[in-house]
Structures are given as C-alpha cells and as structure tokens.
Amino acid sequence: MKRSMTIIVTFFSTLSLIFTPITQACTGITLHSEDGAAIPGRTMEFSFDIQSQISIIPAGTEIETLITEKKYKGFKYKSKYGFVGLNGMKEPVIVDGLNEKGLYFGAHYFTGQAKFSKLTDENASSAINSAELGSWLLANFATVKEVKKVIPKTTVVESYIEAIKGNVPVHYRLIDASGESIVIEYTEDGLSLYDNDINAFTNSPRYSWHMTNLVNYLGLTPVNRPAKEINGKLFAPFGEGTGLVGMPGDYSGPSRFVRAAVFANTAIPSKTAEDGVFHAFHILNAFDIPKGAIRSEEGEEVAMDYTIWTSVADTKNLIYYIKTYDSQRLEKIDLAEALQNISKVTNLPLDSKYQVIDRTPK
C-alpha cells in the first residue's frame with residue numbers, strides 16, 4: 001500500500017494571514033531522571049488557537065518536499081523511522097515531536113534573527129523548506145550525532161510569507177535518548193550549532209546571547225538566604241524563596257530563558273522517567289501564560305498570546321504527553337504501540353473538554 005504525506009508551509013502562512021504581528025513566547029526545558037531518561041518539555045504560545053492535532057507517521061511514509069512551490073520541484077523520500085508530533089492548522093507540519101529512536105524535535109519562533117538560504121534553480125532538487133525540517137529530521141535520524149554530521153551539508157531554504165513581507169522566523173532544538181542536545185540556528189552569519197547543556201530554550205535573541213546573559217544571574221539559588229547582621233542589627237529575610245530574589249519574572253524571551261535554566265538545573269532528580277514527566281509538567285506550569293497577560297496592538301486589533309498546549313516527551317520509553325489550554329488533562333501517545341496499530345498517517349484531535357471532578361459527599 002503506497003503511503004503518501006504532504007509536508008507544506010500552509011500552517012505558517014495561515015498564521016500570518018490571520019493576524020500580524022504574532023509574538024510567540026514558547027519555552028523549553030529538559031530534565032534527566034535517575035533511570036537514564038532525557039525528558040524534554042515545552043510550551044506553545046500563539047495569539048489564537050492553531051488547531052493542532054496529534055499526528056502519527058509510520059516508517060515507510062513517502063514525503064515530498066517543496067510541494068507548494070509553483071516554480072520549483074523538490075525531492076521525495078521515505079520515512080526511515082516512525083514518529084509522533086503536533087501539527088498546526090490541521091496541516092502535516094510537525095512543530096514538535098518524537099521518533100521511535102527517541103529523537104525529539106521542537107521548533108520555536110526566532111523573530112528578527114532567522115535567515116535561511118534562498119530557494120533557487122540550483123538548490124531546489126536537494127533543498128528542504130524551513131517548515132519541513134522537523135519531519136525530515138524525525139523521519140531520517142536516530143541521534144543528535146547523526147544530525148550534527150548532516151545539517152552542515154543540508155540546504156534549508158526560507159519560507160517567504162507575502163502577508164508579513166518576510167520569512168518564517170524559527171530555530172530548532174533536538175534531544176536524543178542519550179540526553180545529548182543541540183540548538184540549530186540559521187542567521188545572517190549562516191548556520192550555528194550549539195550544544196545545549198543548560199537544558200533551556202526559548203525565542204529571540206540568539207542562543208549564544210542567552211548563554212552570555214546567564215552570567216548576570218549566577219547568584220540565584222533555591223536555598224533561602226540567611227539572616228545578616230549589619231552594624232549590630234540583625235536583618236532577617238521575609239518568608240521563603242529569598243534565594244531567587246532578582247530572578248526576572250516577565251514573559252520576554254530573555255527572562256523566560258533565565259527562569260527555565262534555573263528551574264531545570266535546580267530540579268530535584270526524579271527516580272524514573274514517569275516521575276520526571278510529572279515534574280516537567282509542574283515546572284512548565286510556571287511558564288503557562290493566561291489569556292490577557294501578553295497583548296499586541298495593531299490599530300483596533302488586539303492579539304493576546306497564551307499557552308495553547310504543553311508537551312513533554314519521554315525519550316526512553318517513547319511516550320509523548322500533551323495538555324491543552326482548554327482541558328488541562330494529560331493525554332499521551334505510546335509511540336511503539338501506536339506504530340504497531342496503524343499503517344498510514346493518522347491524525348487525532350486534542351482534548352478540548354474542560355472537566356471538573358465533583359467530590360461533594362453524596
């Protein structure tokens with residue numbers, strides 16, 4: 001049975017047509033459990049519901065690149081590995097996902113910084129669109145080491161959007177089952193690959209800038225500060241949490257990166273991957289953005305970024321977890337079991353039903 005899948009940039013195009021500007025505030029962390037699991041998690045923010053679906057793609061799926069280009073024709077390949085992820089606008093564009101070898105991928109907005117190669121007659125037959133990169137990586141590679149070798153040889157081209165008079169601005173994070181992690185960025189300086197040992201990721205500016213900015217917060221600690229005597233008078237701190245006084249609390253990319261780095265690297269180690277997933281969701285709750293907290297005005301229009309969904313991946317046991325703004329109830333896909341049960345691309349709706357358990361004694 002021939003399997004086919006169209007990877008297109010309609011997702012990003014539709015977002016731009018609905019409202020501009022859009023101020024994505026996605027935050028990523030990685031935890032590591034004592035049983036050897038790497039556990040990446042992230043939030044996804046937009047100013048409207050992007051109608052994500054859970055998309056499961058089995059090995060052997062035929063995928064064509066540059067499918068929406070009228071002037072250029074891309075190439076076809078078959079997925080070596082099966083994978084699961086979240087798409088947008090019900091289009092098969094994977095923005096966050098996990099493959100059957102434990103490789104995790106996440107795309108985050110990179111406004112004002114991203115710059116990809118231009119699509120030309122010379123590179124079209126081997127080029128991959130920036131919106132297609134996630135599916136291509138999850139379909140073909142098992143480890144970060146493999147990706148490190150191939151990315152410098154890969155032509156990733158821009159996705160120009162007429163509505164915003166510019167290109168889709170994204171950068172990428174990958175983590176494999178061993179815990180090795182990298183950041184992939186395309187800027188005016190070309191391709192940059194960074195080892196992501198700090199277990200945090202957000203949006204603009206560049207990853208290297210965020211790492212430099214962390215130096216400003218070396219004094220942050222989860223340990224409460226002791227009382228201090230000054231000129232014979234004792235000054236005692238007010239309550240708990242004094243070790244984190246000075247940690248930025250706003251929703252800007254630089255501030256969220258600092259908080260993500262602090263929380264991810266001061267987390268108490270979980271004994272198992274399942275415990276780590278539970279812990280990761282609790283940490284990501286600290287980055288949950290309610291409607292109304294972030295607003296962008298464009299004339300009479302007001303856009304409000306909010307946390308549409310949150311995902312956490314267990315790269316050891318190959319389980320992908322999601323919760324949505326509307327439901328808050330955890331959903332999961334056991335990837336190994338799912339791939340045994342399907343023979344073609346399968347899309348599932350996210351849970352959007354808010355439920356309350358009534359514990360009133362009857």
Side-chain angles (χ1 to χ4, degrees), residues 23 25-43 45 108 173 175 179 181 183 194-295 305-307 310 312 321 323 325 328 330 359:
T23 55
C26 307
T27 303
I29 62 168
T30 305
L31 301 184
H32 303 270
S33 61
E34 292 180 350
D35 63 354
I39 305 161
R42 62 90 57 85
T43 64
E45 281 78 20
H108 291 231
R173 177 174 71 132
I175 299 104
S181 177
V183 169
Y194 303 99
D195 291 323
N196 187 350
D197 299 322
I198 206 65
N199 300 314
F201 194 54
T202 58
N203 310 104
S204 300
R206 300 183 188 190
Y207 181 78
S208 58
W209 186 97
H210 286 297
M211 294 296 288
T212 300
N213 186 50
L214 282 180
V215 175
N216 292 317
Y217 301 94
L218 295 179
L220 296 178
T221 172
V223 180
N224 289 326
R225 299 186 188 280
K228 187 174 183 179
E229 184 177 312
I230 301 176
N231 294 331
K233 185 174 180 60
L234 187 66
F235 292 85
F238 294 107
E240 303 295 312
T242 56
L244 294 178
V245 170
M247 183 171 68
D250 62 84
Y251 288 121
S252 67
S255 294
R256 286 183 289 104
F257 189 95
V258 172
R259 294 204 305 280
V262 170
F263 293 153
N265 291 287
T266 60
I268 297 173
S270 300
K271 292 186 179 299
T272 66
E274 186 176 15
D275 292 338
V277 168
F278 181 78
H279 197 169
F281 272 110
H282 271 293
I283 291 176
L284 290 169
N285 283 341
F287 298 91
D288 191 81
I289 302 176
K291 291 180 179 179
I294 296 179
R295 309 184 191 195
D305 262 31
Y306 69 99
T307 303
T310 303
V312 174
Y321 298 82
K323 71 172 183 176
Y325 186 92
Q328 294 293 296
L330 290 187
R359 299 299 303 275

S.K.: Is atom CD1 of Ile268 surrounded by more than 12 heavy atoms (other residues, nucleotides or ligands) closer than 6.0 Å?
M.R.: no

S.K.: Could you go step by step and tell me if Arg42 and Cys26 meet the side chain to side chain contact (heavy atoms under 4.5 Å, CB included) rule?
M.R.: CA-CA 7 Å; Arg42 62 90 57 85; Cys26 307; 3.7 Å; yes

S.K.: Identify the heavy atoms of Ile29 and Ala280 that sit nearest to each other, and give their distance.
M.R.: CD1-O, 4.1 Å

S.K.: Any donor-acceptor pair under 3.5 Å linking the side chain of His32 with the backbone of Pro269?
M.R.: no

S.K.: Does the Lys NZ or Arg CZ of Lys228 fall within the cation-pi geometry relative to Phe235 - under 6.0 Å from the ring centre and within 45° of the axis?
M.R.: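 The answer is no, since Lys228 fails at least one limit relative to Phe235.
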
S.K.: What's the spacing between Leu244 CG and Leu220 CG if we round to 0.5 Å?
M.R.: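 So the CG of Leu244 and the CG of Leu220 are separated by 6.0 Å.
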
S.K.: Test your reading of the model: is there a side-chain donor-acceptor pair from Asp275 to the backbone of His279, 3.5 Å cut-off?
M.R.: no

S.K.: How long is the span from the NE2 atom in His210 to the OG1 atom in Thr212, to the nearest 0.5 Å?
M.R.: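 Nearest 0.5 Å value for the NE2-OG1 distance: 10.5 Å.
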
S.K.: Parallel, tilted or perpendicular for Tyr207 and Phe201, by the 30°/60° rule?
M.R.: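 The rings of Tyr207 and Phe201 sit tilted, inter-plane angle from 30° to 60°.
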
S.K.: Would you indicate whether Tyr217, at its atom OH, is surrounded by more than 12 heavy atoms from other residues, nucleotides or ligands within a distance under 6.0 Å?
M.R.: yes

S.K.: Which atom names give the shortest non-hydrogen contact between Ser181 and Arg173, and what distance separates them?
M.R.: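 The answer is OG-CG, 4.3 Å.
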
S.K.: Spell out, as yes or no, whether a donor-acceptor pair under 3.5 Å connects the side chain of Ser270 to the backbone of Ser33.
M.R.: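 Not confirmed, Ser270 side chain does not pair with Ser33 backbone.
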
S.K.: Could you state the interatomic distance from CG (Asn224) to OG1 (Thr242), rounded to the nearest 0.5 Å?
M.R.: 4.0 Å

S.K.: Considering all heavy atoms of both residues, which atom of Ala261 and which atom of Ala200 are nearest to each other, and what is their separation?
M.R.: N-CB, 3.6 Å

S.K.: Is there a donor-acceptor contact under 3.5 Å linking the side chains of Thr43 and Glu45?
M.R.: yes

S.K.: Which residue in the set Val312, Leu284, Asn285 passes side-chain contact (heavy atoms from CB on, under 4.5 Å) when paired with Lys323?
M.R.: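 Output: one option passes, namely Asn285.
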
S.K.: Between the side chains of Asn213 and Asn216, is a donor N or O closer than 3.5 angstrom to an acceptor N or O?
M.R.: yes

S.K.: Indicate whether any N or O donor in one side chain lies under 3.5 Å from an N or O acceptor in the other, for Thr27 and Arg259.
M.R.: no

S.K.: Would you indicate whether Glu240, at its atom CD, is surrounded by more than 12 heavy atoms from other residues, nucleotides or ligands within a distance under 6.0 Å?
M.R.: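 Check fails, neighbour count at 12 or below.
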
S.K.: Would you sort out whether Asn199 and Leu31 count as a side chain to side chain contact (heavy atoms under 4.5 Å, CB included), showing the intermediate values?
M.R.: CA-CA 7 Å; Asn199 300 314; Leu31 301 184; over 6 Å; no

S.K.: Would you please say whether a donor-acceptor pair under 3.5 Å links the side chains of Asp250 and Ser255?
M.R.: yes

S.K.: Step by step, work out the side chain to side chain contact (heavy atoms under 4.5 Å, CB included) result for Met247 and Phe263.
M.R.: CA-CA 11 Å; Met247 183 171 68; Phe263 293 153; 3.7 Å; yes

S.K.: Which heavy atom in Pro222 sits nearest to a heavy atom in Thr266, and how many Å separate them?
M.R.: CD-CG2, 3.8 Å

S.K.: Can you measure from CD1 (Ile294) to CD1 (Ile289) and round to the nearest 0.5 angstrom?
M.R.: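 So the gap between those two atoms works out to 3.5 Å.
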
S.K.: If every non-hydrogen atom of Ser208 is compared with every non-hydrogen atom of Tyr194, which pair is closest and at what distance?
M.R.: OG-OH, 3.6 Å

S.K.: Minimum heavy-atom separation for Arg256 to Asn203, with atom names?
M.R.: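 So the two residues come closest at NH2-OD1, 2.7 Å.
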
S.K.: Using the rule given for side chain to side chain contact (heavy atoms under 4.5 Å, CB included), can you reason through Phe257 versus Ile198, listing the C-alpha separation, both sets of side-chain angles and the distance that settles it, and then say yes or no?
M.R.: CA-CA 10 Å; Phe257 189 95; Ile198 206 65; 3.8 Å; yes

S.K.: Nearest 0.5 Å, please: how far is OG1 in Thr310 from CZ in Phe281?
M.R.: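 Those atoms lie 6.5 Å apart.
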
